[in-house]
K.L.:
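Please see the structure below; I have some questions.
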Amino acid sequence: MRKIILASSSPRRRELLTLADIKYSLCIKNVDETVPDGLTPEEGAEYTAEQKTLPVAQSNPDAVVIGADTVVVLDGEIFGKPRDDDDALRMLSRLSGKEHKVITGVCLTSGDNRFKFHETSIVKFYKLDRDEILRYIKTGECADKAGAYGIQGKGALLVERIDGDYFNVVGLPIARLVRELRRFQASLPGEKRDEI
């Protein structure tokens with residue numbers, strides 16, 4: 001079985017791979033995450049996930065590299081990580097009382113072989129007042145998260161309901177990833193289907 005490398009600095013993604021008993025190493029390269037015009041949010045998340053894998057796969061051609069990118073989408077607008085507290089306030093105020101999509105794009109790359117997929121979950125926020133939003137921002141939790149919240153932390157208090165994969169909202173649809181990873185590894189030249 002080929003070595004698995006996670007091309008992500010996200011501690012949540014590391015925790016989820018560990019939860020699934022996947023042995024992996026980390027390798028993170030800085031990449032341009034600018035998404036080309038004309039892509040849907042789903043395509044954009046997959047594109048960025050793929051870009052994260054390419055430089056790592058180039059220097060590790062015999063490994064399977066996992067890249068992921070999570071975005072929040074409301075009324076067609078993509079919410080990535082907030083630039084600052086004011087941007088977090090803008091995002092959370094817009095999400096207040098509404099349903100939004102959380103899309104995680106995933107790419108598996110090994111040499112010239114690639115497989116991309118995405119998972120979508122629907123999250124509904126409670127109606128939030130400004131003070132509640134500001135208290136949440138002061139926790140510092142929203143700084144590095146798409147849509148300016150983390151459902152696995154204090155951001156759980158903002159969420160009225162979720163439809164779909166909870167772990168997708170955390171940042172990695174781990175149950176589906178395990179299955180896709182098995183299939184991908186089995187499809188690679190010279191590989192036998194092994195359990196991960």
K.L.:
Would you tabulate the side-chain donor-acceptor contacts of residues 165-174 under 3.5 Å, counting partners in other chains and residues two or more places apart, or write 'none'?
P.N.:
residue : atom : partner : partner atom : Å
Asp165  : OD1  : Phe167  : N            : 2.8
Asp165  : OD1  : Asn168  : N            : 3.3
Asn168  : OD1  : Thr104  : OG1          : 3.0
Asn168  : ND2  : Val102  : O            : 3.1
Asn168  : ND2  : Glu119  : O            : 3.3
Asn168  : ND2  : Ser121  : OG           : 3.1

K.L.:
Are the side chains of Cys107 and Arg114 in contact, using a 4.5 Å heavy-atom criterion?
P.N.:
yes

K.L.:
Using the ring-ring contact (aromatic ring centres under 6.0 Å, His included) rule, collect all pairs that involve residues 76-109, keeping only residues at least two apart or in two chains.
P.N.:
His100-Phe125, His100-Tyr149

K.L.:
Residues two or more places apart in sequence or in another chain: which of them pass side-chain hydrogen bond (donor to acceptor under 3.5 Å, both in side chains) with Arg14?
P.N.:
none

K.L.:
Using modelled atom types and a 3.5 Å cut-off, is there a donor and acceptor pairing between side-chain atoms of Thr53 and backbone atoms of Ile66?
P.N.:
no

K.L.:
For Arg12, what residues pass the salt bridge (Lys or Arg N to Asp or Glu O under 4.0 Å) criterion, not counting sequence neighbours?
P.N.:
Asp144

K.L.:
For residues Val35 and Val73: do they belong to one hydrophobic cluster (side chain heavy atoms under 4.5 Å, members Ile, Leu, Val, Met, Phe, Trp, Tyr)?
P.N.:
no

K.L.:
Can you tell if the side chain of Pro41 reaches within under 4.5 Å of the side chain of Lys101, non-hydrogen atoms only?
P.N.:
no

K.L.:
Could you list the residues that satisfy side-chain hydrogen bond (donor to acceptor under 3.5 Å, both in side chains) with Thr120, not counting sequence neighbours?
P.N.:
none

K.L.:
Quick one: does Leu6's side chain get under 4.5 Å of Ile22's, heavy atoms only?
P.N.:
no

K.L.:
Show me the pairs that pass ring-ring contact (aromatic ring centres under 6.0 Å, His included) and involve residues 11-63, at least two apart or across chains.
P.N.:
none

K.L.:
Are Leu158 and Leu134 connected, step by step, through hydrophobic side chains (Ile, Leu, Val, Met, Phe, Trp, Tyr) whose heavy atoms are closer than 4.5 Å?
P.N.:
yes

K.L.:
State, with a plain yes or no, whether a side-chain heavy atom of Lys154 is found less than 4.5 Å away from one of Arg135.
P.N.:
no

K.L.:
Who passes side chain to side chain contact (heavy atoms under 4.5 Å, CB included) against Ala57, sequence neighbours left out?
P.N.:
Val65, Thr109

K.L.:
Report, as yes or no, whether the 6.0 Å neighbourhood of atom NZ on Lys98 holds more than 12 heavy atoms from other residues, nucleotides or ligands.
P.N.:
yes

K.L.:
For residues Asn113 and Pro189, report the shortest heavy-atom separation together with the two atoms involved.
P.N.:
ND2-CD, 4.1 Å

K.L.:
Apart from Leu54 itself, what residues make up its hydrophobic cluster when side-chain heavy atoms of I, L, V, M, F, W and Y under 4.5 Å apart count as a link, directly or indirectly?
P.N.:
none

K.L.:
Suppose we screen for salt bridge (Lys or Arg N to Asp or Glu O under 4.0 Å). Which residues come up paired with Glu141, at least two apart in sequence or across chains?
P.N.:
none

K.L.:
Linking I/L/V/M/F/W/Y whenever any side-chain heavy atoms sit under 4.5 Å apart, do Tyr136 and Ile162 land together?
P.N.:
yes

K.L.:
So, does Ser187 use its side chain to make a donor-acceptor pair with the main chain of Phe184 at under 3.5 Å?
P.N.:
yes

K.L.:
With sequence neighbours excluded, what pairs up with Asp87 under the salt bridge (Lys or Arg N to Asp or Glu O under 4.0 Å) test?
P.N.:
Arg83, Arg90

K.L.:
Any chance CG of Asp112 has more than 12 other-residue heavy atoms, nucleotides or ligands included, within less than 6.0 Å?
P.N.:
no

K.L.:
Please tell me whether Val72 and Ile133 are part of a single hydrophobic cluster in this structure, the criterion being side-chain heavy atoms less than 4.5 Å apart.
P.N.:
yes

K.L.:
Take atom NZ of Lys124 as the centre, draw a 6.0 Å sphere, and report whether it contains more than 12 heavy atoms from other residues, nucleotides or ligands.
P.N.:
yes

K.L.:
Under 4.5 Å between any side-chain heavy atoms of Val178 and Leu181, yes or no?
P.N.:
no

K.L.:
Side-chain heavy atoms nearer than 4.5 Å, only ILVMFWY residues, links allowed to pass through others: does that put Val123 and Leu157 together?
P.N.:
no

K.L.:
Can you confirm whether more than 12 heavy atoms, excluding those of Glu160, are under 6.0 Å from its CD atom?
P.N.:
yes

K.L.:
In chain order, what residues pass the salt bridge (Lys or Arg N to Asp or Glu O under 4.0 Å) check against Glu33, with sequence neighbours excluded?
P.N.:
none

K.L.:
Share the residues that join Val31 in a hydrophobic cluster, the rule being Ile, Leu, Val, Met, Phe, Trp or Tyr side chains under 4.5 Å apart at the heavy-atom level.
P.N.:
none

